[in-house]
Amino acid sequence: MDYSKFFSAALNRLHDERRYRVFADLERIAGRFPHAVWHSPKGQRNVVIWCSNDYLGMGQHPKVVGAMVETATRVGTGAGGTRNIAGTHHPLVQLEAELADLHDKEASLLFTSGYVSNQTGIATIAKLIPNCLILSDALNHNSMIEGVRQAGCDRQIFRHSDMAHLEELLIAAGPDRPKLIACESLYSMDGDIAPLASICDLAEKYGAMTYVDEVHAVGMYGPRGGGIAERDGVMHRIDVLEGTLAKAFGCLGGYIAGKADIIDAVRSYAPGFIFTTALPPAICSAATAAIRHLKTSAWERERHQDRAARVKAILNAAGLPVMSSETHIVPLFVGDPENCKKASDILLEEHGIYIQPINYPTVAKGTERLRITPSPYHDDGLIDHLAEALLQVWERLGLPLKRKSLAAE
Ligand SMILES: *Cc1c(COP(=O)(O)O)cnc(C)c1O
């Protein structure tokens, strides 16, 4: 049997739908964020990264790099096993204490990624609650969807951030049924924020437990970088907060934080925790350094918001179709996969600007976009260059601009 034909057919389907994905081979330059070298088919080129989720550039911060190097030099590289076998090490224990403190919770538990923390965390929590009903936001990340699926219990999807619909489902479930509400605090493709206080009100009124993914908010929102829940003063009302060390903290790993007994139960039952090697000590030390720095330094957060606001203002003034976003995410509407890919290719090849196209299934078909993520280190000159390059690309591809009069408003 010719097995390879199955795979080539699968790839052809992606090509036909214009959503076959190509990665850019990049090499970041520590200390020069957001500048990087692109290893292009035609040789090395200098480019500016405009789509990194290392939102604050912490992956190159001297304290963070220093902690990683120092720890690796002192204790070596790998953890040496799963946590149950031989992998629990001091930097990991310190990091968990740091995270519990960040979210003002009794305990936290680390996983090898944010993806794994959602997948195995949600599944394990829901499985430990008899007859649990999961109420999941329609736009939840794939890692949460997989967690819900693996939980194997009943689930209902509420319309995105629609509190009336969530309430309807909570009422229909009845007061005696255990219910788990799962949502994100900041949705990273549209840049909108969930009404966490209302979700907590409903959870309290109808006796539901809450699980909130703060992956795109930790480090960036709240006085100490505790996320949207900290900013909105509702951290203590949320049962389980989940986050990543790989975005604003610039490292790798994911975690949940909550009451000691919930965290201990997940530690004891979650396959995605038990059967995989612990994070290396150097990564843990680096993450701890990033979290500690951002707990006291507001400069990165303030400058980040300032840069995002400036990018939105300049692109809007140029008539570019910036999708409304209340956060640091600047989505630029394109609306079809072919032009989205073309725009991204021209930006990279002709303007040295790297913005990965965002296509289905990451976003709905017909809403393909360029997702721009300004950092504290994108200066005015880089922003002006971005706007000029985008205008040229829009003109070249015949993409619509907003009317100037509207844009000026
Ligand atoms: C990126 C992401 C994750 C996964 O986190 P990783 O640490 O990258 O695995 C989880 N949830 C959301 C909403 C994300 O965007």
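Every number for a ligand or one of its atoms is a count from 1 in the order of the listing. Note that the structure is a prediction, hence the values are computed from the model and not measured.
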| Step-by-step ring pair (Phe, Tyr, Trp, His ring centres under 6.0 Å) determination, Tyr187 to His160 | CA-CA 10 Å; Tyr187 289 82; His160 176 53; 4.4 Å; yes
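With a 4.0 Å cut-off on non-hydrogen atoms, Glu184 touches ligand 1 through its side chain and not its backbone. In Val116, neither the side chain nor the backbone holds a heavy atom less than 4.0 Å from any atom of ligand 1.
The protein heavy atom nearest to atom 7 (O) of ligand 1 is Thr244 OG1, 2.6 Å. Summary of contacts: the protein heavy atom closest to atom 15 (O) of ligand 1 is His216 NE2, 2.5 Å.
For Glu98 and Lys295, the salt-bridge test passes: some basic side-chain N is under 4.0 Å from an acidic carboxylate O. Under the 4.0 Å criterion applied to side-chain N and carboxylate O atoms, Asp379 and Arg307 are not assigned as salt-bridge partners.
Figure legend: cation-pi geometry between Lys247 and Tyr55 absent, as NZ or CZ is not positioned both under 6.0 Å from the six-membered ring centre and within 45° of its axis.
Atoms of ligand 1 found under 4.0 Å from any heavy atom of Asn118, numbered from 1 in the order shown, are 10 (C), 11 (N). Using a 4.0 Å cut-off to heavy atoms of Tyr115, the atoms of ligand 1 that qualify are 4 (C), 5 (O), 6 (P), 9 (O). The ligand atoms of ligand 1 that sit less than 4.0 angstrom from a heavy atom of Ser113 are 7 (O), 9 (O). Close approach of ligand 1 to Lys247 is summarised as follows: ligand atoms under 4.0 Å from at least one heavy atom of the residue are 1 (C), 2 (C), 3 (C), 14 (C), 15 (O). The distance from ligand 1 to the heavy atoms of Asp213 drops below 4.0 Å at these ligand atoms: 10 (C), 11 (N), 12 (C), 13 (C). Heavy-atom proximity to Ser143, at under 4.0 Å, picks out these atoms of ligand 1: 10 (C), 11 (N).
Using modelled atom types, one side-chain atom of Thr244 and one backbone atom of Gly253 make a donor-acceptor pair closer than 3.5 Å.
The number of heavy-atom neighbours closer than 6.0 Å to NZ of Lys365, taken from other residues, nucleotides and ligands shown, is above 12.
Annotation: Glu242 places no N or O atom under 3.5 Å from an N or O atom of ligand 1; distance criterion only. Residue contacts with ligand 1: Gly114 is placed with a nitrogen or oxygen under 3.5 Å of a nitrogen or oxygen of the ligand (distance criterion only).
The shortest heavy-atom contact between Val330 and Leu315 is CG1-CD1, 4.4 Å. Heavy-atom minimum distance, Pro374 versus Val311: CG-CG2, 3.7 Å.
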